[in-house]
Amino acid sequence: MKIIVCVKQVPDTADIKWTENNTLNRDGVESVINPCDLFATETALRVKDRLGAEITAISMGPKQAESALREVISMGVDNAYMLTDRFFAASDTAATARVLAKSIEEKSPNFDLIFCGQYASDGDTAQTGPSLAQNLGVSLVTNVKSIERIEDGKIIVLKQEEDFVSRIEAKLPAVVCVLTGKYLVRMPKILGRMKAQDANIPVYNAQDINFNAIYSGLKGSPTYVKKAFRPKGRDDGEIVYDYSAKETADLLLSKIEEYKG
Amino acid sequence: MEKFKVSVFCEISWDEKIAPVSFELTAKAADLVKDIENSEVQVIIVGKRKNYDSIIDEFSNYGADKVIIVNDDIFEQYSANLYRKAISEILKKENPDIVFFGATIKGRELAPLVATTLNTGLTADCTELEIVDKKLEATRPTFGGKLNATILCKTLPQMATVRAGVFRLPPNPVKKDTQVRFDWVNVHNEENFTKILELIPEYADEDNDLSKAEIIYAGGRGMKSKENFNRLFELARLTGGVVGASRGAVDAGFADSSMQIGQTGKTIHAKVYVAFGISGLAQHMAGINSCDKIISVNKDPNAPIMKLSDIGIVGDAEEIIKQMVRSLKNK
């Protein structure tokens, strides 16, 4: 079985602060693997544990995102490649999905499964996985909680719906978008770390994957950001200290009464 | 002059009800185009029903100029690929300027499939929509709610998804004389990639429905125990509210996952949100940003939620909840 995992490196959003000039301060903000993508990786590794598989991780982004790929290799992913090109920069989800799809067609066409995180913690659009499936013309299941089994060219998964869970069967090859879950993501072992250190991670640009770069980047993306601004905060909010439990309770009850109108 | 068209996808849920967000988006679309000459709000329904009269009626009430129905036995069971095909074909025929989907689980799956099929752009989870010079300006929170971005689309149709409850239903909507068209799309040659084998109900407490509640009390890790959550339920019962939880509290086993609020849980739109022992990480705030008023109680005056609240109270959640229950009972 051949499995692909899409991995995105994201800024740790908890670290991002606003400066006094209303710009985002990303200094010292650590880059991490998008949490859902870690669960996607873990899901792929569990399939490998059970059925045997070759797992390839792909990341599109700046060169430093290579560290994310080394991390997933240390967890047990077999190989990885980067998609890096200045013409890819500022791609929206549609353009990103086009690049990913083309790279998969060129470099790893015989896949059975592609695992993606359901959403990225920075953009949270949850669009790239579905768009990738459509570009490749394969099955799609989103909001996946867990994999039940894979048999007869089909994958059976549990999908989280609005107020219940559904059991879905999808034909392979399929794109499966995975939620974060309550299970643990494995820690790398020493052997894995050593393997990751030595791993050869090719970096492909648009030309390497026969991709026409006019369909990516700021120019090739159908959407663009007109402006970005600080959300209306609750700046006129107040902080109350040193009230007794009784005083606080009275304040709360009267405010709730007032606010509910 | 060509008609300026806004299409809204009508989502029918498993229990045959129309997802409220479909009405909310229809009403919003009607409001957005009210000053645009020769405009049309059209609702696209894909399904299998004997009768659409009552649905059409409701969409008329919220300002739909046209309802387009693609009715076929094959749509009895939801299949992403077949629905994608049906919607895309109608949109190709109609050529709308703008298309809205509810950012429900189904909508978040279908909208990118349709957008990719039509080779156009899509903006997810918008919280504000405007039409300026016939261009859609869609604003959405990003970076876990720390930044708002206004996004435009260069291609047509300009597509966007919106979460339920972001736009409230207007109290006095303008009823339209709605035109109805039954259409047909051949999806029978399309591959049916997925099949629903079973629907498994989850424990859902109907008395504790976060989606419609006006007052929500939520607890975090700082609640320290399940017993304190029971007190929160008592407080909610006494004041007509419901109870939610942060991911931290759910992970710690204090609360059921159906109560989880935030990016990975539910998005809420309460009039008053009271957070006990919740630090207010971006993931949590993304779920509560559209509440009218936020009150937080936390031991730590530097907890991020304090600055994001209308009132931040430094104190012990357990003690304060006990006292609130006591005060209410002594009334």
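Throughout, a chain's letter reflects where its sequence line sits, starting with A, and its residues are numbered from 1.
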Nearest-0.5 Å distance, CD1 of residue B:I215 to OH of residue A:Y259: 13.0 Å

CG of A:L253 to OG1 of B:T239, rounded to nearest 0.5 Å, is 7.5 Å

Which atoms of B:V297 approach chain A - backbone, side chain, both or neither, heavy atom under 4.5 Å: side chain

Checked B:T123, B:T117, B:T116 vs chain A; the most non-hydrogen pairs under 4.5 Å come from B:T116

Without swapping roles, check the side chain of A:Q127 against the backbone of B:L122 for a donor-acceptor pair under 3.5 Å. yes

Top residue by heavy-atom pair count (under 4.5 Å) with chain A, among B:R140, B:E191, B:M306? B:R140

Kindly indicate whether the side chain of B:I200, heavy atoms from C-beta on, has any atom under 4.5 Å from the side chain of A:L158. yes

Are the side chains of A:V141 and B:F193 in contact, using a 4.5 Å heavy-atom criterion? no

Atom group of B:R326 that falls short of 4.5 Å from chain A, counting heavy atoms: neither

Would you please name every residue forming a side chain to side chain contact (heavy atoms under 4.5 Å, CB included) with A:P62, sequence neighbours left out? A:Q64

Looking at side-chain heavy atoms only, is the closest gap between A:I256 and B:M324 below 4.5 Å? yes

In terms of heavy-atom pairs under 4.5 Å with chain B, the winner among A:L140, A:V10, A:T93 is A:L140

What part of B:Y273 lies closer than 4.5 angstrom to a heavy atom of chain A: side chain, backbone, both or neither? neither

Euclidean distance, B:K195 NZ relative to A:S139 OG, rounded to 0.5 Å: 13.0 Å

Salt bridge (charged side-chain N to carboxylate O under 4.0 Å, His left out) with B:K266: which residues, sequence neighbours excluded? none

Without swapping roles, check the side chain of B:K154 against the backbone of A:K219 for a donor-acceptor pair under 3.5 Å. yes

Heavy-atom distances under 4.5 Å only: say whether A:L172 touches chain B with side chain, backbone, both or neither. neither

Comparing B:T155, B:T127, B:L199 against chain A, the one with the most heavy-atom pairs below 4.5 Å turns out to be B:L199

Does B:E130 have more than 12 heavy atoms from other residues, nucleotides or ligands lying within 6.0 Å of its CD? no

Could you look at A:I155 and say if it's the side chain, the backbone, both or neither that has a heavy atom under 4.5 Å from chain B? neither

Select one option (side chain, backbone, both, neither) describing which atoms of A:K159 are under 4.5 Å from chain B's heavy atoms. side chain

CD of A:E161 to CD1 of B:I105, rounded to nearest 0.5 Å, is 6.0 Å

Considering only heavy atoms and a distance below 4.5 Å, find which of B:N119, B:L197, B:L328, B:T194 pairs most often with chain A. B:L197

If you define the side chain from C-beta out and look only at heavy atoms, does anything of A:V240 sit under 4.5 Å from B:I311? yes

Contact winner vs chain A - B:K322, B:K271, B:R84, heavy-atom pairs under 4.5 Å: B:R84

Residue-level interface, residues 157-165 of chain B with chain A, non-hydrogen cut-off under 4.5 Å: B:R163

How long is the straight-line distance from CD of B:Q323 back to OG of A:S244, given to the nearest 0.5 Å? 7.5 Å

Can you find a heavy atom in the side chain of B:L152 that is under 4.5 Å from one in the side chain of A:T223? no

Largest heavy-atom contact set with chain A, pairs under 4.5 Å, which of B:K106, B:R108, B:E319, B:E214: B:R108

Is chain B contacted by the side chain of A:E257, its backbone, both, or neither, given a heavy-atom distance below 4.5 Å? neither

Tell me, for B:V114 versus chain A, whether the close heavy atoms (under 4.5 Å) come from the side chain, the backbone, both or neither. neither

For B:T104, does its backbone N or O pair with a side-chain atom of A:E162 as donor and acceptor, under 3.5 Å? no

Between A:N143 and chain B, which part of the residue has a heavy atom less than 4.5 Å away: side chain, backbone, both or neither? side chain

So does A:L184 have more than 12 non-hydrogen atoms from other groups sitting under 6.0 Å from CG? no

Does a side-chain heavy-atom distance below 4.5 Å link A:T125 with B:D125? no

Which pair of non-hydrogen atoms, one from A:P130 and one from B:P112, has the smallest distance, and what is that distance? CB-CG, 3.5 Å

Between A:K260 and B:D292, is the salt bridge (charged side-chain N to carboxylate O under 4.0 Å, His left out) condition met? List the steps. CA-CA 9 Å; A:K260 81 174 182 196; B:D292 292 345; over 6 Å; no

Looking at A:G123, A:G129, A:A126, which one has more heavy-atom pairs under 4.5 Å with chain B than the rest? A:G123

Within the distance-only criterion (no hydrogens, no angle test), does the side chain of B:T142 pair as donor or acceptor with the backbone N or O of A:D122 below 3.5 angstrom? yes

Contact part of B:I295 toward chain A, heavy-atom cut-off under 4.5 Å: side chain, backbone, both or neither? side chain

Looking at A:K154, I'd like to know if its NZ atom is crowded, meaning that more than 12 non-hydrogen atoms belonging to other residues, nucleotides or ligands lie closer than 6.0 Å. no

With a cut-off of 6.0 Å (strictly less than), are more than 12 heavy atoms of other residues, nucleotides or ligands near CG of B:D133? no

Taking the side chain as everything from C-beta on, heavy atoms only, tell me whether B:I313 gets closer than 4.5 Å to A:L252. yes

Identify which of A:S166, A:S131, A:S221 forms the greatest number of heavy-atom pairs closer than 4.5 Å to chain B. A:S131

Mind checking salt bridge (charged side-chain N to carboxylate O under 4.0 Å, His left out) for A:E151 and listing every partner two or more places apart, or none if nothing turns up? A:R149

Would you say B:R247 and A:T180 make side-chain contact, with heavy atoms under 4.5 Å? yes

Chain B contact via A:Y243 - which portion, at a heavy-atom distance below 4.5 Å: neither

Between atom CD of A:Q134 and atom OG of B:S88, what is the distance when rounded to the nearest 0.5 Å? 7.0 Å

